[in-house]
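The model shown is predicted, which means the values in this text are computed figures rather than measured ones.
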Amino acid sequence: MHADTTRDRVLSLIVTAGPITAASLASELSLTAAGVRRHLSTLIGDRLIVDHEQPGPNVRGRGRPARSFVATNHGQESLASDSSAVAVDAVRFMRDHGDLEAFVESKASELESAIAPTVPAGAPMPQRVEAVAAALGVRGYATSVRPGPGGYTLQLCQGHCPVQEIATEAPEWCEAETRAISRLLDVHVQRLSTLAGGAHVCTTTIPVAPAATKEG
């Protein structure tokens with residue numbers, strides 16, 4: 001897929017920021033509402049996205065959630081490299097004949113080493129999370145950062161994973177990546193969902209404020 005058409009820009013933003021409403025897509029991409037609806041209809045017809053009821057403040061009428069959109073697995077795969085099949089075969093071979101765990105850990109360490117210089121030491125946690133998200137984004141992870149419930153956490157979301165097919169074959173990859181994020185931020189993080197596990201987005205919860213402690 002070439003990300004040089006409006007349709008592809010719409011899909012890329014849905015992958016990055018989904019669930020996202022048609023109004024938000026139009027605003028972010030400077031498109032008309034009619035234009036966005038036309039592209040959404042095409043993407044749904046091609047099974048690249050699905051509409052998704054999004055609970056929360058964006059409601060219309062009595063309790064009716066605003067329609068929002070997320071990428072399907074087919075939509076995710078449309079952004080993947082043609083070399084994925086070869087990489088999956090290599091992972092399977094290593095699992096059967098080599099040390100898959102050592103390989104996965106080494107790749108996670110490489111990712112960590114590449115990102116670490118971009119994370120400002122001593123900066124507030126939100127700034128550090130944004131730095132990690134930006135570094136992952138330029139590596140094809142289509143990241144975004146969202147506030148968690150109550151303001152005590154941030155959610156690092158990855159709408160696209162360049163190694164999704166490998167991670168599906170080897171969940172150890174997601175686990176090693178999560179540990180790398182934890183080390184980069186110097187705080188315990190929790191992976192809530194993964195694309196490899198069938199979710200629409202990888203979500204990692206990161207604490208930004210200590211939980212209230214009980215006295216006595």
Side-chain angles (χ1 to χ4, degrees), residues 1 3 8 11-20 43 46-52 54 68-115 129 132-146 148 153-185 187-206:
M1 172 177 293
D8 295 335
L11 176 59
S12 294
L13 184 55
I14 292 172
V15 167
T16 303
I20 185 170
L43 291 168
D46 290 341
R47 299 182 296 110
L48 298 175
I49 65 170
V50 293
D51 60 338
H52 169 80
Q54 178 179 341
S68 56
F69 302 87
V70 295
T72 64
N73 288 339
H74 183 47
Q76 297 287 345
E77 290 167 1
S78 71
L79 302 178
S81 168
D82 292 338
S83 64
S84 294
V86 175
V88 169
D89 286 343
V91 166
R92 289 172 179 165
F93 182 87
M94 281 186 286
R95 185 185 295 283
D96 293 338
H97 304 287
D99 192 342
L100 176 61
E101 183 176 350
F103 172 74
V104 169
E105 287 295 339
S106 72
K107 299 305 292 183
S109 293
E110 287 179 15
L111 181 66
E112 180 183 350
S113 296
I115 292 176
V129 174
V132 171
L136 288 171
V138 300
R139 288 165 175 79
Y141 284 84
T143 48
S144 61
V145 179
R146 304 174 184 179
T153 63
L154 290 174
Q155 292 185 340
L156 175 62
C157 302
Q158 296 163 219
H160 174 63
C161 175
V163 292
Q164 181 177 342
E165 291 187 34
I166 297 173
T168 300
E169 179 66 26
E172 298 96 329
W173 196 286
C174 298
E175 296 164 7
E177 183 183 278
T178 303
R179 290 192 293 271
I181 293 172
S182 181
R183 291 190 297 267
L184 284 164
L185 297 173
V187 68
H188 176 72
V189 305
Q190 183 177 8
R191 183 66 63 92
L192 300 182
S193 63
T194 64
L195 290 159
H200 292 302
V201 64
C202 295
T203 303
T204 304
T205 293
I206 302 159

Side-chain heavy atoms of V70 within contact of V50, under 4.5 Å
yes
In this structure, CD of E105 is separated from CH2 of W173 (nearest 0.5 Å) by 10.5 Å
#### Entry: V187 backbone acceptor or donor facing S182 side chain under 3.5 Å
yes
All heavy atoms of V104 vs all of E172, minimum pair found to be CG1-O, 3.5 Å
Can you confirm whether H200 sits close enough to P19 that some side-chain heavy atom of one is under 4.5 Å from a side-chain heavy atom of the other? no
field: Side chains of L111 and R139 in contact at under 4.5 Å (non-hydrogen atoms)
entry: yes
The reported gap from OG1 in T203 to CD in Q158 (rounded to nearest 0.5 angstrom) is 8.5 Å
In terms of heavy-atom contacts, P162 and G140 come closest through CD-O, 3.4 Å
Taken to the nearest 0.5 Å, the spacing of I49 CD1 from H74 NE2 works out to 12.0 Å
Check: Under 4.0 Å between a Lys/Arg side-chain N and an Asp/Glu carboxylate O for R191 and E177?
Finding: yes
Flag side-chain contact, heavy atom, 4.5 Å: Q190 against T204:
no
So CD of E169 and CE of M94: to nearest 0.5 Å the spacing works out to 10.5 Å
Can you tell me if CD on E101 sees more than 12 non-hydrogen neighbours from other groups inside 6.0 Å? no
Smallest heavy-atom separation, A71 atom then I14 atom, equals N-CG2, 3.7 Å
Exactly one candidate in L192, T194, T143, L136 meets side chain to side chain contact (heavy atoms under 4.5 Å, CB included) with C202; the answer is T194
| Quick one: are L185 and V129 in side-chain contact, heavy atoms under 4.5 Å? | yes
Taken to the nearest 0.5 Å, the spacing of T72 OG1 from R47 CZ works out to 7.5 Å
Between R146 and C157 the two heavy atoms that sit nearest each other are CD-SG, 3.9 Å
| query | Are any of the side-chain heavy atoms of F69 and L11 separated by less than 4.5 Å? | reply | no
Taken to the nearest 0.5 Å, the spacing of I181 CD1 from R179 CZ works out to 11.5 Å
